[in-house]
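So you know, we letter chains A, B, ... as the sequences are listed, proteins then strands, and number each from 1. Excluded from the calculations below are hydrogen atoms, water molecules and symmetry mates; all remaining heavy atoms, backbone and side chain alike, are included.
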2 protein chains.
Amino acid sequence: MIMGREEVGQRSETVRRANLSAIVRELHLRGPISRSELVAWTGLTRSAIRSLVGDLVAGDLVAEEAAVRLGTPGRPSPLVRLVAENAVVLALEIAVDSLAVATVGLGGDVLWQRRVERLRGHSLLEEIVSDLADLAASARSRRPADETPIGVGVGVAGIVSRVDGLVAFAPNLGWIDVPLGDRLAEALDLRVPVAVANEADLGALAEFRRGAARGADDILYVHGEVGVGGGIIVDGRPLSGIAGFGGEIGHMPINPAGRACRCGSVGCWETEVGEGVLLARAGYPVDGGSAAVDAVLADAAAGRPQALDALREVGRWLGIGLAGLVNVLNPRRVVLGGLFSLIHPFVADRVEEELDRRALAAPRRLVSVVPATLGVDAPLLGAAEMAFDPLLADPAAWLGPRGALVQLESA
Amino acid sequence: MIMGREEVGQRSETVRRANLSAIVRELHLRGPISRSELVAWTGLTRSAIRSLVGDLVAGDLVAEEAAVRLGTPGRPSPLVRLVAENAVVLALEIAVDSLAVATVGLGGDVLWQRRVERLRGHSLLEEIVSDLADLAASARSRRPADETPIGVGVGVAGIVSRVDGLVAFAPNLGWIDVPLGDRLAEALDLRVPVAVANEADLGALAEFRRGAARGADDILYVHGEVGVGGGIIVDGRPLSGIAGFGGEIGHMPINPAGRACRCGSVGCWETEVGEGVLLARAGYPVDGGSAAVDAVLADAAAGRPQALDALREVGRWLGIGLAGLVNVLNPRRVVLGGLFSLIHPFVADRVEEELDRRALAAPRRLVSVVPATLGVDAPLLGAAEMAFDPLLADPAAWLGPRGALVQLESA
DNA sequence: GGCATTTGCAAGAGAGGAACACAAACCAGT
DNA sequence: ACTGGTTTGTGTTCCTCTCTTGCAAATGCC
């Protein structure tokens, strides 16, 4: 007998929960909106909106502002606005060569942010956790003392189990099955949920909600760094796979007769488009890091052939891999992030060319390839978005029994 | 300004709709269930279930049977059962070398079914439509005269736009942008919606709901025929992509230095694992069709080295491609259908081997590769499932204002 | 007959819909 | 600049729909 998920039944409360969620999510994603726009957008009646917004105001999650005059006849509708300061999250990121922290308010305002350099190479969990805890402390010290985050989101360059927050494999850090989520929760001691996810998945989330992929429901975000990560959004929902390991597009075999990959396989996509192979082709040391990448870009801008050729070759392989993914996923938009957003001007032509050659005509016609707009901070902003998700899914849980703001203990 | 989907607001009716849908879906997927099991599974109260089931009974979609005695104390709970005959769909399939039709009742009972041979090669739309209309007529003649299907599902070996039912590309039929859905709707003249989809997507749906992938929410179905199609299910929902073109895994570039593919690209996966290359490697004519495939299998069973080597090579490439897809999708189960279910016994070892070598350890551990259990009929059954979807999503639309069975005009 | 379990029924509570009176702003005409 | 008509949003009241709660009755096993 197959076990069924329990509790599929809906009840009356579900409706209110869903409607509150729709309103808060709308405000979070689009910014302040008039009440009447909310009425039009949700299809609910004025009475219903009034009651729902009233609850949110009573819970201090939302404030109403004087109406704006917009030249149309009729009484102006008050503007409904989220109060960013009353629900903030802490976003953390462990990138290949930096650590970052941000305090982000509901609605997406970055209230404070900091990024520090990190030496490339393997690190002990405890070092990283301690560094992140320091960053988190400095973030909190810049904000009002009574401001407690409602959640913590962490992005890490590695594959992460969504089930338990275990970092299953992070070659840049030298981690295998490392309990980052648990340790961080202890070290931060905030009594709020700590969600950990892959950097590229979070980049996809951020670009989807606030960046280059806004408005598209099926997207592929390709994050180039030392390796290549991917974040896939299908029908507005992140494709996480059964355990959150999904999106590891860097390890699709694309040239089985090619180079060995650090994952143990041969001919993975990242062996043809990763930072290392770009540097090698351009005549720089493979481990030159971002300084060497900058040099390659400068060379290319100056028209030096070796750099241009190296970029073209990366562009070609980028296009080949994207063609396969476009055929598999039929996305609306492909967003190139990290390293790939930097090299985009130099590789766009080759990418389009390979897509024309190798992707099926029907999906090819519908897709556009664009550089990321959120830059290096995309994964950090995605971590914040992830931390907001429980609130967006059920704002009622943050409101007391009809109005009083309630501090939840944990997830 | 980004356009918002309208009508996101929920109302009381939404709840009932969702609950009716949950009950009908549950009965459809798992068969007869007692009322008390429904209570346990949905989390609703007895009264609510009583009322919901009552409506379904009044609408003749469901019947209640005398309680079954199962040795437990307490008053036996009546068994709730779908009435298959009161909601049937017509399923059609255009495969590479056959056409098929089935009348399927709610709950998944195949009430009548027929498959006829088709000559391989290009066909005119009108020929196919006329043949299918004949099959449909014979299907209807075997059933009670007053039985009108509530929907028609059509599977076709080609990529299909879910937006308009246009067959964008079907190399086996020689079709480009052919309006199969519209023409078929005219020819059948049933005044019910005709849904068209890709064969592999439907195979995935069938194996997911009633076959080898039952119980798993993230699956990949790989359908081998002349070409290679794929159906992907993410978190219980088919991955269709922005226009329904998703899942074309046969055209992932996997060996860019390899053979030309009929799609115009080079080194697509299907050039290494399709029927043609298997036959060629085994020393049979590439266009030998299923007879030649049978011969290769017989050779292999008899231990002939050339056939075994050919199968092993196909198995190796199958494993290479699957490794990439496992990394990208992190599925719970990979189901091998069509040609691949036939050769599964001969290739399983090589597939597992390549997965071990090339897939990342974390997702690799969680995935199992199994042959399809529904055989050649998987896409046909999937077409039926697709045709049931509107009913499953909103059974209330098939019930009148509180009970009377209503015949809807169209979608 | 006792007990556990399930059903049936009536009353109740939560949530949104519909209709109405009222208020605020715009527009046109004087 | 003022006035009146028009448009649109607000707030209130009552209604409907749907699920829940609580109690009583029915059933079947031990």
Nearest whole Å is fine: how far is [N] [atom2] from [X] [atom1]?
{"X": "B:Leu44", "N": "C:dT7", "atom1": "CG", "atom2": "C1'", "result": "16 Å"}
{"X": "A:Arg17", "N": "D:dT18", "atom1": "CZ", "atom2": "P", "result": "19 Å"}
{"X": "A:Glu64", "N": "D:dG9", "atom1": "CD", "atom2": "P", "result": "14 Å"}
{"X": "B:Ile49", "N": "D:dC19", "atom1": "CD1", "atom2": "P", "result": "9 Å"}
{"X": "B:Asn19", "N": "D:dC17", "atom1": "CG", "atom2": "P", "result": "17 Å"}
{"X": "B:Gln10", "N": "D:dT18", "atom1": "CD", "atom2": "P", "result": "14 Å"}
{"X": "B:Glu37", "N": "C:dT7", "atom1": "CD", "atom2": "C1'", "result": "16 Å"}
{"X": "B:Arg11", "N": "C:dG16", "atom1": "CZ", "atom2": "P", "result": "10 Å"}

Return the nearest nucleotide to the side chain of [X]; candidates are [options].
{"X": "B:Ser12", "options": "D:dC19, C:dT6, D:dC17", "value": "D:dC17"}
{"X": "B:Val15", "options": "D:dT18, C:dG8, C:dC20", "value": "D:dT18"}
{"X": "A:Arg46", "options": "C:dG16, D:dT10, D:dC19", "value": "D:dT10"}
{"X": "A:Leu52", "options": "C:dT6, C:dG16, D:dT10", "value": "C:dG16"}

Tell me every residue that passes side-chain hydrogen bond (donor to acceptor under 3.5 Å, both in side chains) with A:Arg209, counting only those two or more places apart in sequence or in another chain.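 A:Arg209 satisfies side-chain hydrogen bond (donor to acceptor under 3.5 Å, both in side chains) with A:Glu385, A:Asp389 only.
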
With sequence neighbours excluded, tell me which residues meet side-chain hydrogen bond (donor to acceptor under 3.5 Å, both in side chains) with B:Thr103.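 Checked B:Thr103 against side-chain hydrogen bond (donor to acceptor under 3.5 Å, both in side chains); zero matches.
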
Any donor-acceptor pair under 3.5 Å linking the side-chain atoms of A:Thr148 with those of A:Arg191?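 A:Arg191 vs A:Thr148: no donor-acceptor pair found between side chains.
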
Partners passing side-chain contact (heavy atoms from CB on, under 4.5 Å) against [X] (at least two apart in sequence or in another chain):
{"X": "B:Val80", "answer": "B:Leu27, B:Arg35, B:Leu38, B:Val53, B:Val62, B:Glu64"}
{"X": "A:Asn330", "answer": "A:Pro363, A:Leu366, B:Ile242, B:Ala243, B:Phe245"}
{"X": "A:Ala48", "answer": "A:Leu44, A:Thr45"}
{"X": "A:Ala212", "answer": "A:Glu207, A:Val335, A:Val370, A:Thr373"}

Earlier contact from the 5' end, DNA chain C, for B:Glu13 and B:Val39: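 It is B:Val39, whose closest nucleotide lies nearer the 5' terminus.
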
Determine the sole option in B:Ile150, B:Leu90, B:Val152 for which the side chain to side chain contact (heavy atoms under 4.5 Å, CB included) test with B:Val192 is passed.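 Per the side chain to side chain contact (heavy atoms under 4.5 Å, CB included) rule, the option paired with B:Val192 is B:Val152, out of B:Ile150, B:Leu90, B:Val152.
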
So, does [X] get its side chain near the phosphate of [N], meaning an N or O under 4.0 Å from OP1 or OP2?
{"X": "B:Arg16", "N": "D:dC19", "value": "yes"}
{"X": "B:Arg35", "N": "C:dT6", "value": "no"}
{"X": "A:Ser36", "N": "D:dG9", "value": "yes"}

Rounding to 10 degrees, work out the angle separating the end axes of the helix from C:dG1-D:dC30 to C:dT30-D:dA1 (five pairs an end).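 The value is 10°.
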
Qualifying residues under ring-ring contact (aromatic ring centres under 6.0 Å, His included), relative to B:Phe388, sequence neighbours excluded: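 Partners of B:Phe388 by the ring-ring contact (aromatic ring centres under 6.0 Å, His included) criterion, ordered by chain and then number, come out as B:His28.
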
Hey, what are the protein-to-nucleotides 9-11 of chain C N/O distances that come in under 3.5 Å?
{"from": "C:dC9", "atom 1": "OP2", "to": "B:Arg50", "atom 2": "NH1", "distance (Å)": "3.1"}
{"from": "C:dC9", "atom 1": "N4", "to": "B:Ser47", "atom 2": "OG", "distance (Å)": "3.1"}

Under 3.5 Å, side chain of A:Glu147 to main-chain N/O of A:Pro144, donor-acceptor pair present?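 Between the backbone of A:Pro144 and the side chain of A:Glu147 there is no qualifying donor-acceptor contact (under 3.5 Å).
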
